[in-house]
Amino acid sequence: MTKRVGFATRLGAIAAAVGSAVGLGNIWRFPYEAGVNGGGAFILVYICCIIVMGIPVILSEFIIGRSTHSNMKAALKKLSPGKKYYLFTYLCILGSFVVIGFYSVVCGWIIEYLYQAVLGNLSGHTPQEYNEMFTSLVASPWRCVGWTVLFLVLNFIVMSRGIEKGIERVASIMMPLLFVILIIFCVNSLLLPGASKGLKFLFYPDFSQLTMRGVLDAFGQAFLSLSIGISCLVTYSSYFKDDTSLAKDATTVAVLDTLVAILSGVMIFPAVFSFGVEPTAGPRLIFEVLPGIFQQMTGGYIWALLFFLLVFFASLTSTISLSEIPITFLIEEHKMSRGRAIAWTALFTFALAVIAALSFNVLDDIKLWGKNIFDMMDYAASNIFMLLGGLFTAVYVGWILDRKVIHEQITNGGRLKGSMEPFLIFCLRYVAPVSIIFIFLYLTGII
Ligand code: PFF
């Protein structure tokens with residue numbers, strides 16, 4: 001029997017959930033998705049989605065996790081004995097591998113940029129040269145695979161030594177620092193000539209720029225950014241203590257995560273317009289723009305170093321939470337030792353990540369609908385796995401789970417008011433399923 005312990009403090013539990021949520025999804029993916037989808041209108045849909053689907057689904061995962069103190073499969077078996085809902089866990093495991101597969105490639109790029117920052121190469125160049133710098137990185141299979149593998153080795157060393165908690169403690173100092181640094185960069189970015197165009201792009205909702213595909217992207221981005229839909233937060237909340245207010249914690253996680261994403265946008269877009277970079281540049285966007293921001297700051301060398309170091313830690317706390325999904329599953333459901341579970345998880349992760357890293361070079365002629373393997377994984381992770389997972393979670397908690405369990409968890413057995421419950425139930429029963437099903441049917445041409 002695996003020993004289960006609670007987080008020592010409420011802050012420890014929140015820090016772990018925020019650590020999972022805040023990562024490359026906010027700093028790298030949010031600006032690129034906003035750029036591709038026309039800015040302001042996308043962001044408005046994104047924020048609405050966080051409120052009416054994101055917070056309710058985080059809370060649902062918390063309810064499932066804390067009421068059972070189990071991983072997703074065991075939790076669904078306990079909550080719905082004799083039913084087959086637990087099969088959903090396999091979708092979560094598959095989803096977690098797809099996310100970590102492409103995600104660790106971007107973590108690899110972060111290490112390369114950290115290395116370039118150490119060498120002092122992130123200053124003294126033109127935007128065109130920064131563009132070429134990124135192109136040459138992804139064109140090189142050795143560099144791409146090398147950095148990705150290095151990142152994953154670090155990730156699994158941390159996990160096999162059982163020092164995740166140590167990393168989380170480091171991260172709970174690093175996260176506020178990242179927040180402060182983002183604000184400093186935002187100010188610098190806003191001082192650039194032509195910055196106002198970037199702000200207009202971000203905050204003026206021009207709905208003529210938003211397509212239904214963009215709406216789907218906003219939903220997927222919200223789910224990926226909050227780490228919901230693949231049971232990550234079920235695993236974390238299974239360790240929560242019985243006196244934490246789940247509603248408060250879910251809201252805190254969502255608010256902090258969204259703030260970091262918006263700050264990233266405010267840091268990137270004024271610079272995008274000032275430097276004449278295309279907002280639709282996609283996954284390469286921040287790597288082309290950031291060096292230009294560091295360059296015009298006093299002490300740019302240090303800022304660049306600090307920034308990539310903090311983003312590295314933010315990514316590590318996210319990949320730890322991602323790898324924990326299959327690891328906990330293998331330990332608790334297949335009675336594996338932690339070492340073996342980590343080894344199996346690492347094996348699959350390495351295989352997928354190497355393929356993703358090669359999809360810009362050796363495997364770049366493998367394309368489906370114009371997307372290479374990396375792009376397909378990136379797309380499928382959020383827009384298919386996490387959204388479908390979110391849909392399942394919403395329907396399960398909204399329609400199937402015993403209301404008494406929900407009430408008990410939200411009010412901590414009657415000790416809290418639980419005023420969020422009606423909103424939660426309404427969103428889970430109607431808003432989330434109707435929106436997600438509608439968007440899928442629309443995009444597949446059924447309606
Ligand atoms: N939320 C993380 C980010 O925004 O970078 C990514 C992530 C972590 C997704 C954990 C899913 C997950 F289970």
Side-chain angles (χ1 to χ4, degrees), residues 20-21 25 29 33 45-46 48-50 52-65 71-73 75-77 79-80 83-103 212-235 250 254 318 321-322 325-326 329 348 352 368-369 371 373 375-401 424 427-447:
S20 168
R29 203 171 185 278
E33 284 288 344
V45 174
Y46 176 84
C48 292
C49 176
I50 296 278
V52 297
M53 294 197 263
I55 296 177
V57 176
I58 302 183
L59 195 44
S60 302
E61 293 205 7
F62 282 179
I63 289 172
I64 297 176
N71 71 72
M72 189 60 154
K73 186 172 174 190
L76 291 175
K77 278 185 171 171
L79 293 171
S80 301
K83 299 276 170 25
K84 296 247 182 293
Y85 299 123
Y86 67 85
L87 291 175
F88 166 66
T89 316
Y90 295 97
L91 193 77
C92 298
I93 307 277
L94 200 63
S96 66
F97 279 119
V98 178
V99 181
I100 198 170
F102 81 88
Y103 197 92
M212 271 302 195
R213 255 290 310 275
V215 175
L216 175 70
D217 284 349
F219 288 6
Q221 173 60 26
F223 280 56
L224 180 107
S225 191
L226 296 175
S227 308
I228 48 179
I230 52 173
S231 82
C232 175
L233 297 181
V234 171
T235 313
S318 298
S321 72
L322 270 164
I325 302 171
F329 170 78
F348 278 105
L352 277 173
L368 212 64
W369 301 294
K371 290 185 190 302
I373 300 173
D375 295 331
M376 280 191 271
M377 285 166 84
D378 179 2
Y379 185 85
S382 53
N383 291 8
I384 299 176
F385 282 101
M386 304 193 78
L387 260 190
L388 285 183
L391 174 64
F392 173 88
T393 312
V395 171
Y396 180 77
V397 174
W399 290 99
I400 299 165
L401 184 63
L424 173 77
C427 292
L428 293 176
R429 287 195 157 188
Y430 306 105
V431 183
V434 170
S435 321
I436 298 174
I437 292 172
F438 172 79
I439 197 98
F440 276 128
L441 293 181
Y442 184 91
L443 289 171
T444 46
I446 295 174
I447 51 172

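No hydrogens, no waters, no symmetry mates; every other heavy atom, side chains included, goes into these values.
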- Query: Between atom CE of M386 and atom CZ of F223, what is the distance when rounded to the nearest 0.5 Å?
  - Reply: 9.0 Å
- Message: Nearest 0.5 angstrom please: M212 CE to D217 CG, how far?
- Response: 12.5 Å
- Item | S80: which of Y86, Y85, Y396 passes side chain to side chain donor-acceptor pair (under 3.5 Å) | Y396
- Query: Taking side chain as C-beta onward, heavy atoms only, is M53 less than 4.5 Å from I436?
  - Reply: yes
- Side-chain (S225) to main-chain (A222) donor-acceptor, under 3.5 angstrom: no
- Task: Any chance you could measure L224, atom CG, to D378, atom CG, to the nearest 0.5 Å?
- Result: 8.0 Å
- May I ask you to check whether over 12 heavy atoms, not counting those of F88, lie within 6.0 Å of atom CZ? yes
- Task: First locate atom CD1 of I325, then atom OG of S227, and finally report the distance between them rounded to the nearest 0.5 Å.
- Result: 8.0 Å
- Could you give the distance from CG (L76) to CD1 (I64), rounded to the nearest 0.5 Å? 6.0 Å
- Are I384 and V98 close enough that some pair of their side-chain heavy atoms sits under 4.5 Å apart? no
- Message: Can you confirm whether T393 sits close enough to I228 that some side-chain heavy atom of one is under 4.5 Å from a side-chain heavy atom of the other?
- Response: no
- Query: Under 3.5 Å, side chain of Q221 to main-chain N/O of G25, donor-acceptor pair present?
  - Reply: yes
- Donor-acceptor contact below 3.5 Å, side chain S20 vs main chain S318: no
- Which value, rounded to the nearest 0.5 Å, describes the distance between F385 atom CZ and I93 atom CD1? 12.0 Å
- Contacts of Y430 that satisfy ring-ring contact (aromatic ring centres under 6.0 Å, His included) - sequence neighbours left out: W399, F426
- Message: Is the distance from the ring center of Y90 to that of F329 below 6.0 Å?
- Response: yes
